[in-house]
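Numbering of ligands and ligand atoms starts at 1, following listing order. All figures in this text were calculated on a predicted structure; none of them were measured in a lab.
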Amino acid sequence: MSQRSCLSVILAAGEGTRMKSALPKVLHPIAGLPMVAHVVKAAEAAGSGDLALVIGHGAEDMRKAAQKFAPKAETFVQEKRLGTAHAVLAARVAISKGYDDILVMFGDTPLIDPEALAVARKKLAEGAAVVVVGFRPPNPTGYGRLIEKGGRLVAIREEKDCSAEEKKIGFCNAGMMAVAGKHALELLDKVGNSNAKGEFYLTDIVEIAGGRGLDVVATEASFESALGINNRAELAEAEGIWQARRRREAMLSGVTLIAPESVYFSHDTEIGADTVVEPNVWFGPGVRIATGARIHAFSHIEGATIAANCDVGPFARLRPGADLKQKAKVGNFCEVKQATIEEGAKVNHLTYIGDARVGAGANIGAGTITCNYDGYSKFFTDIGEGAFVGSNSSLVAPVTIGKGGYIASGSVITESVPDDALAFGRARQKTIPGKGKELRERFASAAAAKKKAATDH
Ligand code: UD1
Ligand code: CA
């Protein structure tokens with residue numbers, strides 16, 4: 001089948017008014033990726049090399065977004081929304097290039113199973129002219145019904161055009177179709193709009209193809225893979241299904257999730273076997289975790305690379321560019337951004353490390369802050385191997401702490417510290433015997449005098 005050329009036409013010209021959003025519906029994300037990008041991925045997974053994206057509402061935003069998730073896709077604007085067949089024909093120029101297979105999908109159906117598309121393509125390879133992917137929703141209201149006669153698919157009837165008898169049919173159009181490229185335009189051009197909605201229905205090509213003696217076939221996909229998103233409640237439902245699938249996949253690949261339902265993955269999260277993820281962890285885009293790491297509860301991680309056997313959290317925040325080498329530790333209430341924490345280094349408590357390198361085996365005390373920003377530019381802090389930074393120190397970048405450097409607690413370090421040096425960046429302590437008691441007595445008598453003056457009045 002792989003030798004057969006394939007074009008996927010993805011329809012995304014709908015307004016999506018029920019999202020009540022300034023963002024086009026199909027750009028709303030699932031697992032951090034626009035829903036239409038999930039459809040693109042499914043098309044690619046089914047071996048479709050070329051893509052045509054039919055857009056309308058929010059065309060400029062769509063074009064810009066598409067450059068990221070589908071740089072090779074050609075976009076076509078459907079000026080007037082006259083129905084799904086009309087929308088497919090907006091991509092006429094692409095279709096007429098002469099593909100073996102044409103797949104049609106909706107941009108608002110993000111959980112499409114690539115396997116369902118592959119099966120449909122297989123049917124085309126076996127000689128079918130039109131393949132309709134059907135499904136059995138718990139409630140068929142609103143879907144096109146697959147009308148079969150003698151075991152053959154003869155038509156698809158939209159809800160509004162169905163007779164009472166036809167409405168009882170539970171087998172529905174999931175919205176994915178495969179059409180033999182050599183017949184696609186001749187079938188689409190025959191579609192009319194004499195139906196209840198006055199639209200040019202893609203689904204009419206079933207009857208048209210049958211009338212010409214072409215082979216029309218129905219396959220069946222899961223309900224989930226045809227879940228269409230119209231509002232934010234359905235968006236959340238799709239997100240939930242996606243997350244459940246991904247969690248299961250992670251666990252089956254050797255990752256322990258103690259409370260799977262509370263862990264959120266991104267579309268691109270990579271996570272190695274024998275890593276343990278405690279409850280309530282969120283992974284934003286761009287996270288790669290090797291094997292045997294432990295991500296403690298309530299950590300928020302994005303754009304970070306975590307090597308084997310690292311320990312992160314609880315309550316850690318790893319931001320883009322955080323790069324933890326083997327056995328590094330980033331503990332509670334620490335934030336790391338654009339910084340490398342070398343092998344075995346420890347950043348354990350209440351610390352901000354940004355634009356920095358923490359050398360192997362270094363120990364960063366509680367409350368350490370790399371002061372990386374002057375309000376205009378960012379500066380780098382380099383902390384050498386085996387250095388010790390005492391608690392509550394501020395390292396004012398650009399600054400270097402040499403290998404084995406030792407920083408006294410509470411220091412404000414503004415000048416670089418050589419290897420193995422000890423640096424104090426704070427006022428020396430002064431201790432005055434008896435002065436504490438004297439002060440206390442003075443303050444007590446002042447307060448008493450004030451109280452007396454108030455009651456005398
Ligand atoms: C469609 C199918 C129906 C199927 C259902 C599955 C048709 C006629 N009906 O109905 O059989 O059961 O999906 O969810 O195909 N679009 C455009 N331009 C248009 C019209 C639609 O781009 O002019 C896009 C929409 O953005 C949407 C998709 O095509 O992504 C489907 O259109 P919609 O109007 O939602 O079709 P349904 O009535 O849901
Ligand atoms: Ca729909």
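Considering N363, L395, N348 in turn, L395 is the only one that fulfils the side-chain contact (heavy atoms from CB on, under 4.5 Å) rule with T368. Among E335, E302, Q338, the one residue that satisfies the side-chain hydrogen bond (donor to acceptor under 3.5 Å, both in side chains) test with R319 is E335.
Taking the side chain as every heavy atom from C-beta outward, H38 and L111 never approach each other to under 4.5 Å.
For H86 and E199, the side-chain atoms include no donor-acceptor pair closer than 3.5 Å. Of the N and O atoms on the side chains of Y201 and N193, not one donor lies less than 3.5 Å from an acceptor on the other residue. Of the N and O atoms on the side chains of T141 and N139, at least one donor lies less than 3.5 Å from an acceptor on the other residue. A donor-acceptor contact closer than 3.5 angstrom is absent between the side chains of T381 and T370. T75 and R63 share a side-chain donor-acceptor pair at under 3.5 Å.
A salt bridge does not link K182 with D101: every distance from a Lys NZ or Arg NE/NH1/NH2 to an Asp or Glu carboxylate oxygen is 4.0 Å or more.
Contacts with ligand 1 closer than 4.0 Å are made by side-chain heavy atoms of Q78 only, the backbone lying farther away. The residue V54 has no part lying near ligand 1, judged by heavy-atom distances below 4.0 Å. Of the heavy atoms in K197, only side-chain atoms (C-beta onward) come closer than 4.0 Å to ligand 1.
Residue, atom and distance of the protein heavy atom nearest to atom 32 (O) of ligand 1 are T84 CG2, 3.8 Å. Remark: minimum distance from atom 27 (C) of ligand 1 to any protein heavy atom is reached at D108 OD2, 4.0 Å. The protein heavy-atom contact nearest to atom 24 (C) of ligand 1 is L11 CB, 3.8 Å. Scanning the protein heavy atoms around atom 25 (C) of ligand 1, the nearest turns out to be R81 NH2, 3.5 Å. Atom 13 (O) of ligand 1 has F106 CE1, 3.1 Å as its closest protein atom, hydrogens excluded (heavy atom only). At the top of the distance list for atom 12 (O) of ligand 1, counting protein heavy atoms only, stands N173 O, 2.7 Å. The shortest contact between atom 37 (P) of ligand 1 and any protein heavy atom is with E158 OE1, 4.9 Å.
Distances below 4.0 Å separate heavy atoms of G144 from the following atoms of ligand 1: 3 (C), 4 (C), 11 (O), 12 (O). Within ligand 1, counting atoms from 1 as listed, the ones closer than 4.0 Å to a heavy atom of T203 are 7 (C), 8 (C), 11 (O), 15 (O). Within ligand 1, counting atoms from 1 as listed, the ones closer than 4.0 Å to a heavy atom of L82 are 23 (O).
Polar contact with ligand 1: present for A13 (N/O pair, distance under 3.5 Å). Residue G14 has at least one N or O atom closer than 3.5 Å to an N or O atom of ligand 1. Taking only nitrogen or oxygen atoms, main chain and side chain alike, L202 does not reach within less than 3.5 Å of ligand 1. Residue contacts with ligand 1: Y143 is placed with no nitrogen or oxygen under 3.5 Å of a nitrogen or oxygen of the ligand (distance criterion only).
A distance of 7.0 Å separates NZ of K72 from CG of D50, quoted to the nearest 0.5 Å.
Ring-plane geometry between F135 and Y143 is classed as perpendicular, the angle between the planes exceeding 60 degrees on a 0 to 90 degree scale with a lower cut at 30.
Contact annotation for atom 18 (N) of ligand 1: protein present (non-hydrogen atoms, distance under 4.0 Å). In this structure, atom 39 (O) of ligand 1 has no protein heavy-atom contact shorter than 4.0 Å.
Geometric assessment of R247 against the ring of Y264 yields a positive cation-pi assignment under the 6.0 Å and 45° thresholds.
Within the 4.0 Å heavy-atom cutoff, G83 counts among the residues contacting ligand 1.
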